[in-house]
Protein chains: 2
Amino acid sequence: MGERTFGEVMRELRKGKGLSQEELAFRCGLDRTYISLLERGLRVPTIVTLFKVSEALGIRPEEFVARMNVSYQNGESG
Amino acid sequence: MGERTFGEVMRELRKGKGLSQEELAFRCGLDRTYISLLERGLRVPTIVTLFKVSEALGIRPEEFVARMNVSYQNGESG
DNA sequence: GTGTGACTTCTAGTCCGTT
DNA sequence: CAACGGACTAGAAGTCACA
């Protein structure tokens, strides 16, 4: 329960700021479709992307990471 | 001055634990030469690598990130 | 014990378009 | 406004031989 991936944290933070994926993408200098991929856990960001997204969301990277449980989607089956 | 990249932090932490690159590599399940690349700032890790290295060094990922100033080597040329 | 270049495989990240 | 697909380019992951 409550596996908090990068994407989950990002989505919550983004919605908390009332931003669309497009808006966030623009602020990060990233592609809109890539933001979507990240939120759905289909891509693993580099730390550069972590820093960019954190800054765009007005949160420190270490705080962002502190909200995560796992670095990657655990394919928990069964 | 004092630009603290991922690699710099990793090297300090590693030495602080009295580990060789080989030992750390083994603990991370990564290649020895890849650790070397990271320490010299020639690779930008994904957050999965951040988590692996942090665990191997006995530090929380958020603490690791907190010790960094920058996400990537600034090619500051004089 | 570490640095380095060369290399292959894989994936981060983009762009275009559709639903 | 977001999910999703395909095709693509840049660069990370991972390994080796040799200094």
Side-chain angles (χ1 to χ4, degrees), chain A residues 3-59 61 64-65 67-75, chain B residues 3-59 61 64-65 67-77:
Chain A
E3 298 245 309
R4 300 184 74 75
T5 59
F6 180 90
E8 302 235 316
V9 173
M10 182 166 82
R11 177 165 284 177
E12 273 203 11
L13 254 23
R14 174 177 68 80
K15 292 199 169 176
K17 300 213 87 177
L19 295 173
S20 68
Q21 292 182 351
E22 276 176 336
E23 250 299 311
L24 176 57
F26 178 75
R27 292 194 187 195
C28 296
L30 294 171
D31 196 82
R32 125 189 108 74
T33 63
Y34 181 55
I35 297 294
S36 176
L37 290 167
L38 284 174
E39 287 193 353
R40 287 177 288 141
L42 300 177
R43 286 291 188 283
V44 175
T46 62
I47 58 172
V48 169
T49 299
L50 165 66
F51 273 64
K52 282 184 191 167
V53 170
S54 298
E55 175 152 21
L57 288 170
I59 187 174
F64 195 115
V65 171
R67 298 199 187 199
M68 298 171 57
N69 285 331
V70 291
S71 58
Y72 189 60
Q73 204 90 317
N74 278 348
Chain B
E3 298 246 308
R4 301 184 74 75
T5 59
F6 179 90
E8 302 235 317
V9 172
M10 182 167 83
R11 177 165 284 176
E12 272 204 11
L13 254 23
R14 174 176 67 79
K15 292 199 169 175
K17 300 214 89 179
L19 295 172
S20 68
Q21 290 183 352
E22 277 176 335
E23 250 299 311
L24 176 58
F26 178 74
R27 293 193 185 195
C28 296
L30 296 172
D31 195 85
R32 185 216 110 211
T33 62
Y34 181 56
I35 297 294
S36 176
L37 289 167
L38 285 174
E39 286 193 353
R40 285 176 292 137
L42 299 178
R43 284 291 188 285
V44 174
T46 63
I47 59 172
V48 169
T49 301
L50 165 67
F51 273 64
K52 281 184 192 167
V53 170
S54 297
E55 175 152 22
L57 288 170
I59 187 174
F64 194 115
V65 172
R67 298 198 186 201
M68 297 171 57
N69 286 331
V70 291
S71 58
Y72 190 58
Q73 204 89 317
N74 278 347
E76 280 190 88
S77 52

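Order of the sequence lines sets the chain letters (A, B, ...), proteins ahead of strands, with each chain counted from 1.
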With a non-hydrogen cut-off below 4.0 angstrom, is A:E39 in contact with a base, only sugar-phosphate, or nothing? nothing
From C:dA12, D:dG14, D:dA2, pick the nucleotide closest to the side chain of B:L30? D:dG14
Taking atom types as they are modelled, is there a donor-acceptor pair under 3.5 Å from the base of D:dC16 to the side chain of B:T33? yes
Test your reading of the model: is there a side-chain donor-acceptor pair from A:R40 to the backbone of A:S36, 3.5 Å cut-off? yes
Nearest-Å distance for atom pair CZ/C1', residues A:F26 and C:dT14: 16 Å
Would you kindly check whether a donor in the side chain of B:R32 faces an acceptor in the base of C:dG3, or vice versa, at under 3.5 angstrom? yes
Would you classify B:I35 as touching base, sugar-phosphate or nothing, given that sugar-phosphate means primed atoms plus P, OP1 and OP2, and contacts are heavy atoms under 4.0 Å? nothing
Side chain of B:S20 (C-beta onward), nearest among C:dT2, C:dG3, D:dG14: C:dT2
Closest-nucleotide mapping onto DNA chain D: is A:R14 or B:D31 further toward the 5' terminus? I mean the 5' end. A:R14
What is the separation between atom CD on A:E22 and atom P on D:dA2, rounded to the nearest whole Å? 7 Å
When rounded to whole Å, the CZ to C1' distance for the pair A:R11 and D:dC1 reads 12 Å
Give the rounded distance in Å between these two atoms: CD1 of A:I47 and P of D:dA12. 10 Å
For the pair made of OH in A:Y72 and C1' in C:dC10, what is the distance, rounded to whole Å? 12 Å
Protein-nucleotide distance (A:R43, atom CZ; C:dC10, atom C1'), rounded to Å: 11 Å
For B:G29, which contact category applies under a 4.0 Å heavy-atom criterion: base, sugar-phosphate, or nothing? nothing
Heavy atoms only, 4.0 Å cut-off, all strands: where does B:L42 land among base, sugar-phosphate and nothing? nothing
